Number of protein chains: 2
Amino acid sequence: MTSFYSEKHKFLLAVDCIIFGFHEGELNVLLLHRSFEPEKGKLSLPGGFLKENESLNDAAIRVLNELTGLENLYMEQVHTFGDVHRDSGERVVSVAYYALININDYDTSLLGKYNAIWVKSTDMPNLVFDHSEMVQSARHALCQRAAIEPVGFNLLPEKFTLPQFQTLYEAIYGEVLDKRNFRKKVLSMNVLEKLNEKDKLSSKRGAFLIGLMKKSIKS
Amino acid sequence: MTSFYSEKHKFLLAVDCIIFGFHEGELNVLLLHRSFEPEKGKLSLPGGFLKENESLNDAAIRVLNELTGLENLYMEQVHTFGDVHRDSGERVVSVAYYALININDYDTSLLGKYNAIWVKSTDMPNLVFDHSEMVQSARHALCQRAAIEPVGFNLLPEKFTLPQFQTLYEAIYGEVLDKRNFRKKVLSMNVLEKLNEKDKLSSKRGAFLIGLMKKSIKS
DNA sequence: GCAAAAGTGTTGCCATTACACCCATGA
DNA sequence: TCATGGGTGTAATGGCAACACTTTTGC
């Protein structure tokens, strides 16, 4: 007996990843030069096809790991793109995920291996298919998320400075923030701890490093 | 020559719809008694499989139309569920959409036809697979959306009263709102127009009907 | 006349914004 | 000594929340 499911069509399913890094005061996105037809040579998001015994999230994790060598990345599903002709090769439905990585952890030798480049998000070229739209959606989702919880940490090293942190949020929101107000708000959240070290890389005076606070005991 | 895509696995793709209606001061969701194995007889969301030449959105539109007889419904994609064993029958990846309908437009004869029921969202039974989680996600997405733009209209008739409108938002947010503050905010948005009719169904005094304002000319 | 829902303003508070100067240091 | 980026406080504003009584009318 044939099951109810048997007559239905099946589809190629992909995940495409918007990998954000933070570098020189700008949000950057990792892009690939597409290595196969159609659209070979053009820029695209890193992605991969879902495998038979793999969950969607696992597929995203796999793709992210392949491309960055990193594990346990912060990631979030963004949206699923299912237009009939979105992929000019064959019908593919694609689930977009974004991920946040500390760009210092990224092994730049991978750039050559995958023919990849980091591109400033303020300066995105045209991408294949609907990938530009995916990036837009991901930026939007990141904005929303960042306004709710402090996901920004994932884009920075373990220790960082308040000016760095502010620049990051300015990059995420795409607007300049008031220094005093920003510091006030961030510090009032009681999740950051001022360390007794200074980072003197970006100024002569040096800025105090801060880090995630060790969770305090519930009162 | 085989294309790059040809070796990849293909998957069943479904859309599942959380159809919200507003009735007697409560958000309701349309559920089906599942008519086929597995889990036959249990409650599930209405859904359907994606067809070969159909976009995801079109599939959602089709399912919504089948089940409600209505067109041009307000709907939004929520999330895609892709765990390997989420469907106990076969591997199915499912994209959840929610829709808002004016429950008065709903032809109740369809309840019998599809073995469907309206269930209060405050009183949801267990659903098959991960459908309960889908409802949760949809409620969350609706909450977020409603806070940004006035999507609530879609759950009400063309004309409605402010007390009705308030009850609706109380149902969406799941909390009681202050009458004066609510009216103040809603009216200050300049999108509602007070009509010269009263609805006397819910009180002796009657409440003025309001409706969407005809767009004013840009100044 | 009374029960039941509709309608109506004011006040205080808190969160957000705007804003300008001194500090520390390396070159 | 000067150029560069780091660090700090206060005052004004506006949005949001809290709050109680009068009105209408069907029964």
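Naming: A, B, ... by sequence-line order, numbering from 1 per chain. Predicted, not measured: the structure shown is a model, and the values here were computed from it.
In terms of position along DNA chain C, the nucleotide closest to Ser203(B) lies nearer the 5' end than the nucleotide closest to the other residue of the pair Lys198(A) and Ser203(B). For Arg180(A) and Arg180(B), each mapped to the nucleotide of DNA chain C holding its nearest heavy atom, the one lying further toward the 5' end belongs to Arg180(B).
Contact annotation: side chain of Lys184(A) to base of dT17(C), donor-acceptor pair present below 3.5 Å. Side chain Arg205(B) to base dA6(C): a donor-acceptor pair is found below 3.5 Å.
If you take CZ of Phe182(A) and C1' of dC19(C), they are 18 Å apart, rounded to a whole angstrom. Atom-to-atom, CG of Leu177(A) to P of dA15(C) comes out at 19 Å; the value is rounded to the nearest Å. Arg183(B) places its CZ atom 8 Å from the P atom of dA6(C), with the value rounded to the nearest Å. Here the C1' atom of nucleotide dC19(C) and the CG atom of Asn181(A) are 9 Å apart, to the nearest Å. Between the CD atom of Gln166(B) and the P atom of dG7(C) there is a distance of 11 Å, rounded to whole Å. When rounded to the nearest whole Å, the span between CD1 of Ile210(B) and C1' of dA6(C) equals 13 Å.
Aromatic ring pairs are classed by plane angle as parallel below 30°, tilted from 30° to 60° and perpendicular above 60°; the pair Phe160(B) and Phe153(B) is tilted. Between Tyr169(B) and Tyr173(B), the ring planes lie tilted relative to each other; the angle falls in the 30° to 60° range.
Other residues, nucleotides and ligands contribute at most 12 non-hydrogen atoms within 6.0 Å of the NZ atom of Lys40(A). When the shell of 6.0 Å around CG of Asn126(A) is examined, it contains 12 or fewer heavy atoms from other residues, nucleotides or ligands.
Heavy-atom minimum distance, Phe49(A) versus Arg62(A): O-NH2, 2.7 Å.
A donor-acceptor contact shorter than 3.5 Å is absent between the side chain of Ser44(B) and the backbone of Val128(B). A donor-acceptor contact shorter than 3.5 Å is absent between the side chain of Arg86(B) and the backbone of Phe129(B).
Using a 4.0 Å cutoff to heavy atoms of chain B, the contacted part of DNA chain D runs 5' to 3' from dA17(D) to dG26(D).
Distances from the side chain of Lys179(B) to the nucleotides dA3(C), dT8(C), dC19(C) place dT8(C) closest. Taking the side chain of Ser202(B) as heavy atoms from C-beta on, and the options dA6(C), dT10(C), dT8(C), the nearest nucleotide is dA6(C).
Residue Lys200(A) is in sugar-phosphate contact alone, with no base atom involved, counting any heavy-atom pair closer than 4.0 Å across all strands shown.
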